[in-house]
J.: 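The structure follows.
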Amino acid sequence: MARPKKTINFDYSVIDNAPDGTLHKIQTYAQDAGVSGPTMRSRIAEHYGDRVTFIRGRKGGFTVAPQENTHEMA
């Protein structure tokens, strides 16, 4: 039986409301949520899917691409 996921309270609107192309730090959000970095990384990946790009290294973090507008103008 798989271990249940830990429930974390995190407001994704902080990331959504940031300007496009902003480099976010995983550890900052992990500390705020009270979880480990890898746990926060997996939750961000689940929430944003293909829109998130992770950057490795000392100056790493992640960026989120803007959501495509699915409404068509008539």
J.: Are there over 12 heavy-atom neighbours, none belonging to N9, within less than 6.0 Å of that residue's CG?
T.: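 For N9, atom CG is not crowded (no more than 12 foreign heavy atoms under 6.0 Å).
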J.: Can you pull the salt bridge (charged side-chain N to carboxylate O under 4.0 Å, His left out) pairs that have at least one residue in residues 25-48, sequence neighbours excluded?
T.: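 Pairs touching residues 25-48 that pass the test: K5-E46.
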J.: Say you draw a straight line from OG of S36 to CD of Q27; how long is it, rounded to the nearest 0.5 Å?
T.: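 CD of Q27 is found 8.5 Å from OG of S36.
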J.: What residues, two or more places apart in sequence or in another chain, satisfy side-chain hydrogen bond (donor to acceptor under 3.5 Å, both in side chains) together with T53?
T.: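 For T53 there are no side-chain hydrogen bond (donor to acceptor under 3.5 Å, both in side chains) partners, ignoring immediate neighbours.
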J.: Tracing side-chain links under 4.5 Å among I, L, V, M, F, W and Y, which residues wind up in one group with F54?
T.: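 The other cluster members (ILVMFWY side chains, heavy atoms under 4.5 Å, direct or chained) are I8, F10, Y12, V14, I15, I26, Y29, V35, M40, I44, Y48, V52, F62, V64.
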J.: Holding to side-chain hydrogen bond (donor to acceptor under 3.5 Å, both in side chains), I want the full list of residues that pass it with S42, two or more places apart in sequence or in another chain.
T.: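 For S42 there are no side-chain hydrogen bond (donor to acceptor under 3.5 Å, both in side chains) partners, ignoring immediate neighbours.
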J.: Which residue pairs pass the salt bridge (charged side-chain N to carboxylate O under 4.0 Å, His left out) test with at least one member in residues 10-20, sequence neighbours excluded?
T.: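 Listed once each, the pairs would be none.
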